[in-house]
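Heads up, the thing below is written out as structure tokens.
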Amino acid sequence: MIEVVAGDITTFRVDAVVNAANPSLLGGGGVDGAIHRAAGPGLLAECRTLGGCAPGEAKVTHAYGLPARIVVHTVGPVWQGGAFGEDATLAACYRSSLRVAGERGAWTVAFPSIATGAYGFPLHRAAGIAIATLAEVMRTDGRVARVTMVCRGHETARAYEDAVADLLE
Ligand code: APR
């Protein structure tokens, strides 16, 4: 099941919260900054032990002060016009994040709109890739029961709602 809601991902009580991080995994702005602020310093301390993360991959930490069990850190593609494998890397973010969340027994997973902020990935294009990838993985690997796309603004939420509607057509 995939649901789309508007809100602040750091307030969602789920098994796994996905963070849109950067390759250093040492924090940043946007949702990365919000997650680190809400989780507290223990999150950064654990991130320091992970040795970074490549775009499209995902690494797991505890969730500390967040109302979740784990944080799945993934790194989206920086948008460069679409000819540098950005679509495939974004799909890999969703696939890797669901895989590692399932491996850790997470039933419910909250995702932000990966790469559509500072990384500049076009919103509707990202939403289509995200929803198609999530639906495909959840169909074949039933470990994660519910995914919540947590969108910070209504424009973003509408883009993901449209992508879900397109999938159901
Ligand atoms: N809850 C949910 N979504 C949020 C929140 C929040 N608290 N804060 C921001 N967002 C949304 C943004 O509005 C955007 O739609 O997350 C989406 C992703 O935007 P960014 O956080 O800028 O992430 P991204 O585009 O993947 O860029 C990653 O930004 O913060 C740095 O360290 C990060 O270098 C990395 C880069």
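Note that ligands are numbered from 1 as they come in the structure, with each ligand's atoms numbered from 1 the same way.
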Distance from [atom] to nearest protein heavy atom, with residue and atom:
| atom | value |
| --- | --- |
| atom 1 (N) of ligand 1 | I9 N, 2.9 Å |
| atom 30 (O) of ligand 1 | G29 O, 2.7 Å |
| atom 7 (N) of ligand 1 | D8 OD1, 3.0 Å |
| atom 8 (N) of ligand 1 | R152 NH1, 3.3 Å |
| atom 29 (O) of ligand 1 | A118 CB, 3.6 Å |
| atom 25 (O) of ligand 1 | G117 N, 2.8 Å |
| atom 15 (O) of ligand 1 | T116 OG1, 3.5 Å |
| atom 33 (C) of ligand 1 | D32 OD2, 3.6 Å |

**Prompt:** So Y64 and E46, side-chain hydrogen bond (donor to acceptor under 3.5 Å, both in side chains) or not? Walk me through it.
**Reply:** CA-CA 10 Å; Y64 300 93; E46 186 174 358; 2.5 Å; yes
Looking at [X], I want to see if its [atom1] is surrounded by more than 12 non-hydrogen atoms of other residues, nucleotides or ligands under 6.0 Å.
| X | atom1 | value |
| --- | --- | --- |
| E103 | CD | yes |
| H62 | NE2 | no |
| R158 | CZ | no |

Distance-only N or O hit between ligand 1 and [X], under 3.5 Å:
| X | answer |
| --- | --- |
| A20 | no |
| N22 | yes |
| V31 | yes |
| A21 | no |

**Request:** Return yes if a side-chain donor-acceptor contact under 3.5 Å exists between T148 and E3, otherwise no.
**Result:** yes
Show which atoms of ligand 1 fall inside a sub-4.0 Å distance from at least one heavy-atom site of [X].
| X | result |
| --- | --- |
| V150 | 2 (C), 3 (N) |
| A34 | 7 (N) |
| A115 | 24 (P), 25 (O), 26 (O) |

**Asked** Among D32, N19, D8, V18, whose side-chain contact (heavy atoms from CB on, under 4.5 Å) with P112 holds?
**Response** V18
Any [X] side-chain heavy atom under 4.5 Å of [Y] side chain:
| X | Y | result |
| --- | --- | --- |
| V5 | M149 | no |
| V78 | F84 | no |
| M1 | V147 | no |

**Fill in**
Looking only at non-hydrogen atoms, the one of A38, S113, G28, A6 nearest atom 17 (C) of ligand 1 is S113
**Request:** Determine, for R99 against D141, whether the closest basic-nitrogen to carboxylate-oxygen distance falls under 4.0 angstrom.
**Result:** no
**Prompt:** Are R95 and E136 close enough for a salt bridge, meaning some N to O gap below 4.0 Å?
**Reply:** yes
**Prompt:** Is there a heavy atom in G7 that sits closer than 4.0 Å to ligand 1?
**Reply:** yes
**Request:** Give a yes/no verdict on whether any heavy atom in G33 is under 4.0 Å from an atom of ligand 1.
**Result:** no
